[in-house]
Undergrad: 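What follows is a single structure, and I will ask about it in a moment.
Atoms within a ligand are numbered from 1 in the order they appear, just like the ligands themselves. Positions are given from 1, in the same order as the sequence printed here.
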Amino acid sequence: MTTPAPTTTTTTTTTPHSLSRYTGRRALVTGGGSGIGQATVLRLLAEGGSVVAADVSEAGLADTEVKAGPDAARLTRVLVDIADEASVRAAVTSAVDALGGLDVLVNAAGILRSGHTREVTLADFEQVLRVNLVGTFLMIREALPALLDGHEPAVVNFSSTAQNYAHPYMAAYAASKGGIQSMTHALAMEFSK
Ligand SMILES: NC(=O)c1ccc[n+]([C@@H]2O[C@H](COP(=O)([O-])OP(=O)(O)OC[C@H]3O[C@@H](n4cnc5c(N)ncnc54)[C@H](O)[C@@H]3O)[C@@H](O)[C@H]2O)c1
């Protein structure tokens with residue numbers, strides 16, 4: 001007796017592109033050249049939004065544009081170093097000009113530098129705080145005037161489990177993400193009115 005060959009079925013999960021929750025929404029996404037920021041850009045575009053992807057990496061932004069396919073017609077790339085005040089100012093101005101206003105700011109850009117705390121230099125510690133925490137603050141501050149003129153404005157900040165669970169070798173990263181969490185709560189109280 002022969003054993004019948006097993007039947008295999010391949011299931012492909014597709015993105016529900018029929019959703020259009022962001023049609024007419026204008027979004028600026030930092031960290032848009034990689035990872036979660038890039039995925040956010042692609043989803044906002046897929047759901048009808050107009051998006052500025054901002055990143056310090058030109059290659060990352062080029063990759064995002066390729067992945068956007070035909071949706072790239074609603075995508076603008078802007079180079080920014082969120083740790084640099086002048087760069088943030090210029091990037092937010094270009095983004096608001098390109099979009100004709102701003103409704104959504106997503107602060108996904110961030111860096112992780114891990115290491116034994118006794119070996120972490122002051123420069124490394126400060127760089128993590130500068131990019132993650134100060135960079136998020138600078139983006140929000142510069143975008144606020146346009147957001148407050150926008151339609152149902154929203155700011156999305158990226159914290160991490162590192163801010164409330166203990167991960168070793170990540171003191172600076174945990175501090176930066178805890179700072180983002182606390183800053184976000186304070187801003188929510190300030191602007192919920
Ligand atoms: N991946 C995870 O598991 C995880 C977990 C918790 C939180 N997060 C947070 O989510 C966010 C995205 O993480 P990811 O894993 O997609 O990271 P990633 O490294 O893939 O992407 C980060 C992006 O930020 C950009 N960037 C870095 N420094 C910048 C600067 N000074 N100015 C502008 N852009 C800069 C990088 O070029 C990169 O494109 C980060 O804030 C990270 O801390 C990630």
Undergrad: Within the 4.0 Å heavy-atom shell around G33, which atoms of ligand 1 are there?
TA: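 Checking each atom against G33, I get 39 (O).
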Undergrad: Look at ligand 1 and say whether A108 reaches it with a heavy atom at a distance under 4.0 Å.
TA: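 Contact present.
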Undergrad: What's the shortest distance from atom 7 (C) of ligand 1 to any protein heavy atom, and which residue and atom give it?
TA: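 For this ligand atom, the closest protein heavy atom is S159 O, 3.2 Å.
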Undergrad: Just distances here: any N/O of F158 and N/O of ligand 1 closer than 3.5 Å?
TA: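 No, F158 has no N/O under 3.5 Å of an N/O on ligand 1.
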Undergrad: Is any heavy atom of the protein nearer than 4.0 Å to atom 16 (O) of ligand 1?
TA: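 Yes, there is one.
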Undergrad: Do D55 and ligand 1 have an N or O pair less than 3.5 Å apart?
TA: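 N/O-N/O distance below 3.5 Å exists for this pair.
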Undergrad: What is the closest protein heavy atom to atom 1 (N) of ligand 1, and at what distance does it sit?
TA: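 Here the nearest protein heavy atom works out to I36 CD1, 4.0 Å.
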Undergrad: Who's the nearest protein heavy-atom neighbour of atom 34 (N) of ligand 1, and how far?
TA: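 Its nearest protein heavy-atom neighbour is V56 N, 3.3 Å.
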Undergrad: What is the distance from atom CZ of R77 to atom OG of S57, rounded to the nearest 0.5 Å?
TA: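 Here the rounded value is 10.0 Å.
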Undergrad: Check this for me - ligand 1, D81, N or O atoms closer than 3.5 angstrom, yes or no?
TA: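 It does: an N or O of D81 is found under 3.5 Å from an N or O of ligand 1.
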Undergrad: For atom 8 (N) of ligand 1, grab the closest protein heavy atom and report residue, atom and distance to one decimal in Å.
TA: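 Going by distance alone, atom 8 (N) of ligand 1 is nearest to Y173 OH, 3.7 Å.
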Undergrad: How about atom 5 (C) of ligand 1: does it have a protein heavy atom within less than 4.0 Å?
TA: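 Given the 4.0 Å cut-off, atom 5 (C) of ligand 1 does not count as touching protein heavy atoms.
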Undergrad: Can you tell me which residue and heavy atom of the protein come closest to atom 32 (N) of ligand 1, and the distance to 0.1 Å?
TA: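 The answer is I82 N, 3.0 Å.
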Undergrad: Is there a nitrogen or oxygen of V131 sitting under 3.5 Å from a nitrogen or oxygen of ligand 1?
TA: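 Not met; the criterion fails.
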Undergrad: Could you tell me whether some N/O pair between S34 and ligand 1 is separated by less than 3.5 angstrom?
TA: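 Yes, S34 has an N/O under 3.5 Å of an N/O on ligand 1.
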Undergrad: Are N157 and T184 close enough that a side-chain donor and a side-chain acceptor fall under 3.5 Å?
TA: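 There is such a pair between these side chains.
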Undergrad: Taking CZ in F191 as the centre, count heavy atoms belonging to other residues, nucleotides or ligands within less than 6.0 Å. Is the count above 12?
TA: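 Yes, enclosed.
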